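Please read these numbers as outputs of a predicted model, since none were measured by experiment. In listed order, ligands and their atoms are each counted from 1. Computed from heavy atoms alone, side chains included, the values below leave out hydrogens, waters and symmetry copies.
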Amino acid sequence: MKLLVFAGSTRQQSFNRRLAVVAADIARELGAQATLLELADYDIPMYHAELEARGTPPDVIRLKEAMDAHPAWIICSPEYNGSYTGLLKNTIDWASSPVAGHPVWADGARPFAGKVVGMLSASNGLLGGLRSQSHLAPLLINLGCWLAPRHHALGQAASAFGDDGRLLDAGQQARVQAVVQQVLWAAERLQQAD
Ligand SMILES: Cc1cc2nc3c(=O)[nH]c(=O)nc-3n(C[C@H](O)[C@H](O)[C@H](O)COP(=O)(O)O)c2cc1C
């Protein structure tokens, strides 16, 4: 199974980027082919309809291709003001915007529809960014994603990771693993049904 893992943060020491690494490692241990996508590697401006009318940026197409190539995703969502980040929203808005007249990307929902998505979040707060997930969930469902019922919010993230990048607490590690496992399980079954 091909799993795409990405975080809604480009911060160097981002908890969510670190959690994405943990999730990708777990997926590989479970036999999946995990791709860790860094949003910093994509040159994507703030969405602007006039800008789009002059041509969709090449990196938006590259992002759509990466998303479309993976039936399963894990999104690690930071929490800003009780919601997900502007970076994540802007990325999803561009990725879901139809490219007029394009042979593949004229359907805006194409990179999203039918994907099995697991949500994780991390914050140094006690709630672990959980509220960002409650806003992200309806957006993903609206785009045709299948959301895994399991999800996890990692609280007190500043002290959660060891020097090797792994989660120090075995219970936290197990909860992240359960999300990854469920996403892979569901994506495999959906593929079989196709
Ligand atoms: C504008 C802003 C608003 C924030 N609001 C919240 C919040 O509502 N809840 C929370 O737990 N953390 C909040 N934080 C703290 C972030 O969780 C923290 O910056 C975290 O490190 C961001 O994720 P990252 O480490 O993956 O970059 C906020 C940070 C910023 C910059």
Side-chain angles (χ1 to χ4, degrees), residues 3-28 34-48 59-60 62-63 66-67 70 72-96 111-112 115 117-143 145 147-180 182-183:
L3 177 76
L4 186 69
V5 188
F6 62 97
S9 173
T10 51
R11 194 171 72 88
Q12 200 66 34
Q13 293 301 321
S14 160
F15 304 134
N16 288 277
R17 288 182 58 240
R18 286 150 81 183
L19 191 57
V21 172
V22 169
D25 285 346
I26 289 171
R28 290 185 191 116
T35 305
L36 201 52
L37 184 146
E38 292 284 1
L39 292 183
D41 293 341
Y42 289 78
D43 186 11
I44 296 181
M46 275 299 283
Y47 180 82
H48 188 312
D59 272 12
V60 170
R62 205 159 64 84
L63 181 71
M67 289 172 149
H70 294 80
W73 302 356
I74 294 283
I75 302 179
C76 299
S77 173
E79 182 172 289
Y80 281 7
N81 294 312
S83 188
Y84 51 83
T85 58
L87 171 68
L88 193 52
K89 181 71 162 66
N90 189 57
T91 302
I92 292 173
D93 286 348
W94 269 115
S96 63
F112 294 85
K115 307 298 178 194
V117 185
M119 291 186 303
L120 299 174
S121 60
S123 160
N124 203 34
L126 285 177
L127 291 179
L130 183 64
R131 292 176 302 168
S132 75
Q133 296 183 26
S134 69
H135 286 195
L136 185 59
L139 180 151
L140 294 170
I141 289 169
N142 195 48
L143 285 167
C145 297
L147 273 200
R150 276 190 189 276
H151 56 102
H152 183 56
L154 176 71
Q156 299 180 308
S159 53
F161 297 90
D163 290 340
D164 59 359
R166 293 176 72 88
L167 289 170
L168 293 170
D169 184 80
Q172 297 283 7
Q173 181 82 11
R175 285 189 277 279
V176 174
Q177 171 151 342
V179 176
V180 174
Q182 189 174 62
V183 166

Output a table of donor-acceptor pairs, distance under 3.5 Å, between side-chain atoms of residues 83-90 and any protein atom two or more places apart or on a different chain; print 'none' if there are none.
from : atom 1 : to   : atom 2 : distance (Å)
S83  : OG     : H135 : ND1    : 2.8
T85  : OG1    : G8   : O      : 2.8
T85  : OG1    : L88  : N      : 3.2
K89  : NZ     : D93  : OD1    : 3.1
K89  : NZ     : D93  : OD2    : 3.0
N90  : OD1    : Y47  : N      : 2.7
N90  : ND2    : P45  : O      : 2.8

Rounded distance (nearest 0.5 Å) linking atom CG of L120 with atom CG of N16: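 The CG atom of N16 is 8.5 Å from CG of L120, to the nearest 0.5 Å.
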Straight-line distance of L147 CG to I141 CD1, nearest 0.5 Å: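 Answer for the CG-CD1 pair, L147 versus I141, is 4.5 Å.
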R18 side chain to G165 backbone, donor-acceptor under 3.5 Å: no
For E79, all residues meeting side-chain hydrogen bond (donor to acceptor under 3.5 Å, both in side chains), sequence neighbours excluded: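 For E79 the side-chain hydrogen bond (donor to acceptor under 3.5 Å, both in side chains) partners, ignoring immediate neighbours, are R131.
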Partners passing ring pair (Phe, Tyr, Trp, His ring centres under 6.0 Å) against Y42 (at least two apart in sequence or in another chain): none
Sub-4.0 Å heavy-atom environment of ligand 1, residues by chain: S9, R11, S14, F15, N16, P78, E79, Y80, N81, G82, S123, R131
